[in-house]
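Here the structure comes first, spelled out in structure tokens, and everything after it is commentary.
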Amino acid sequence: ISIRMPTCVSQLGVLKIFRRISEMKPILFRGASVWDGSGAPAFPADVLVEGDRIKSIARKPEKLSADGATVIEARGRTLMPGLVEGHAHISFGGAVNDSDLGNIPPEEHVLLTVRNAKTLLDHGFTSAYSAATSKLRLDVVIRNAVNAGEFPGPRIRAASPEITVTGGLGDERKAHMYYESFGLIADGPEEIRKAVRLCCREGVDNIKVNISGDDLSPAAQDRKSTR
């Protein structure tokens, strides 16, 4: 099988696309411009992948056997390591106000997060370190589904919501009306411990804590925030 490669593509992203094929046979990227992220200039090479591992790289053409392999004709296009999104919010989407995230029903919010995960992968991001989720288990369930091969997406470190205090960034409540947001509100040491334990129980990989003010929220400005 011979396949032409898009203009610029993440090697691991392509592996996701060809997951089923790669389970059966190796993949040979032929005639790629390889950028390895080391700081060295890109160089022409053929790259042989077996499963999810790079087996061989040949800087001279026709040195790697294509026998039994799926061949992707790169034709000089860039082949590179997957990118890492180091501050991801895959469940944040389309919000104008912080409370907009709380207004999305859970079912639609799962679908939105699935689409965002796929969008990251389609643009070459094969890892995402979440900096907060907008509902407790959104990151967790998408991480688990991606790991199980149910949906395309990057490797995800699932985060908690943003643990905040009353009046802090993420607290969109009003005295006369209740609003949800991306915040998990906890006041004082005991409530914060309980919130962290809750998030750990539900399977998050990392905890987000808002420890200072933020000018995005008028009530949460630095000079007004209680630390």
Side-chain angles (χ1 to χ4, degrees), residues 1-94 110-131 133 138-139 141-159 205-206:
I1 301 173
S2 184
I3 301 171
R4 295 188 66 176
M5 189 168 153
T7 302
C8 181
V9 66
S10 154
Q11 176 255 329
L12 287 175
V14 171
L15 291 182
K16 291 277 188 178
I17 297 171
F18 293 98
R19 180 192 299 271
R20 293 182 180 177
I21 297 175
S22 66
E23 288 174 353
M24 297 182 293
K25 58 178 64 177
I27 297 177
L28 176 62
F29 297 88
R30 191 154 58 189
S33 178
V34 176
W35 183 79
D36 62 11
S38 68
F43 55 90
D46 296 347
V47 179
L48 181 65
V49 176
E50 292 188 358
D52 60 355
R53 292 288 184 269
I54 297 171
K55 182 178 181 181
S56 302
I57 299 176
R59 295 193 179 223
K60 294 183 179 180
E62 309 299 332
K63 291 293 184 180
L64 300 180
S65 173
D67 291 346
T70 298
V71 178
I72 298 177
E73 299 290 352
R75 302 182 190 278
R77 292 168 176 82
T78 301
L79 184 65
M80 59 184 284
L83 300 171
V84 177
E85 169 56 276
H87 189 118
H89 291 290
I90 61 172
S91 65
F92 289 25
V110 170
L111 296 177
L112 180 152
T113 309
V114 167
R115 290 195 299 271
N116 285 347
K118 182 178 184 298
T119 298
L120 276 174
L121 183 64
D122 287 346
H123 288 76
F125 290 88
T126 57
S127 298
Y129 192 99
S130 179
T133 185
L138 275 177
D139 278 7
V141 73
I142 300 304
R143 176 202 65 196
N144 294 346
V146 169
N147 289 347
E150 296 169 0
F151 299 109
R155 300 182 184 92
I156 297 168
R157 294 284 294 182
D205 298 308
N206 44 282

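Atoms considered below: every heavy atom in the structure, side chains included; atoms not considered: hydrogens, waters and symmetry mates.
- For R77 (side chain) and A74 (main-chain N/O), a donor-acceptor pair under 3.5 Å exists by modelled atom type.
- One distance of note links CD1 of I90 with CG of N116; it measures 7.5 Å at 0.5 Å rounding.
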Pairs under 3.5 angstrom only: tabulate donor-acceptor contacts from the side chains of residues 58-66 to other protein residues two or more places apart or in another chain.
residue : atom : partner : partner atom : Å
S65     : OG   : D67     : N            : 3.1
S65     : OG   : D67     : OD2          : 3.3

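- A donor-acceptor distance shorter than 3.5 angstrom exists from the side chain of D205 to the backbone of A158, with no hydrogens or angles considered.
- A salt bridge is defined here as a Lys NZ or Arg NE, NH1 or NH2 lying under 4.0 Å from an Asp or Glu carboxylate O, and D139 with R157 fails to meet this definition.
- In this view, Y129 satisfies the ring-ring contact (aromatic ring centres under 6.0 Å, His included) rule with no residue, not counting sequence neighbours.
- Evaluation of the side chain to side chain donor-acceptor pair (under 3.5 Å) rule for D36 yields S38 as partners, not counting sequence neighbours.
- Classification of the H89-F92 ring pair by plane angle, with boundaries at 30° and 60°, yields parallel.
- For the side chain to side chain contact (heavy atoms under 4.5 Å, CB included) criterion with S127, the lone passing option out of L120, V84, L121 is V84.
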(request) Check the pair L28 / V47 against side chain to side chain contact (heavy atoms under 4.5 Å, CB included), numbers first and verdict last. (result) CA-CA 6 Å; L28 176 62; V47 179; 6.0 Å; no
(message) For a side chain to side chain contact (heavy atoms under 4.5 Å, CB included) check, start with the C-alpha distance between D46 and I57, then their side-chain angles and the critical distance, and finish with the verdict.
(response) CA-CA 6 Å; D46 296 347; I57 299 176; over 6 Å; no
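- Of all the heavy atoms in A128 and P154, the pair that sits closest is CB-CG, 4.1 Å.
- We find the CZ-CG distance between F29 and L79 to be 5.5 Å, quoted to the nearest 0.5 Å.
- Considering OG1 of T113 and CZ of F151, their distance stands at 11.0 Å, rounded to 0.5 Å.
- Here the shortest heavy-atom pairing between S91 and T133 reads OG-OG1, 3.4 Å.
- With rounding to the nearest 0.5 angstrom, the CD1 atom of I54 is 10.0 Å from the CG atom of L48.
- A heavy-atom distance below 4.5 Å is found between the side chains of W35 and P81.
- Rounded to the nearest 0.5 Å, atoms NZ (K118) and NE2 (H123) are 9.5 Å apart.
- Note that the CG atom of L138 and the OG atom of S130 stand 10.0 Å from one another [nearest 0.5 Å].
- A side-chain donor-acceptor contact under 3.5 Å links E85 to the backbone of H87.
- The two atoms that bring V110 and I142 nearest to each other are O-CD1, 4.1 Å, heavy atoms only.
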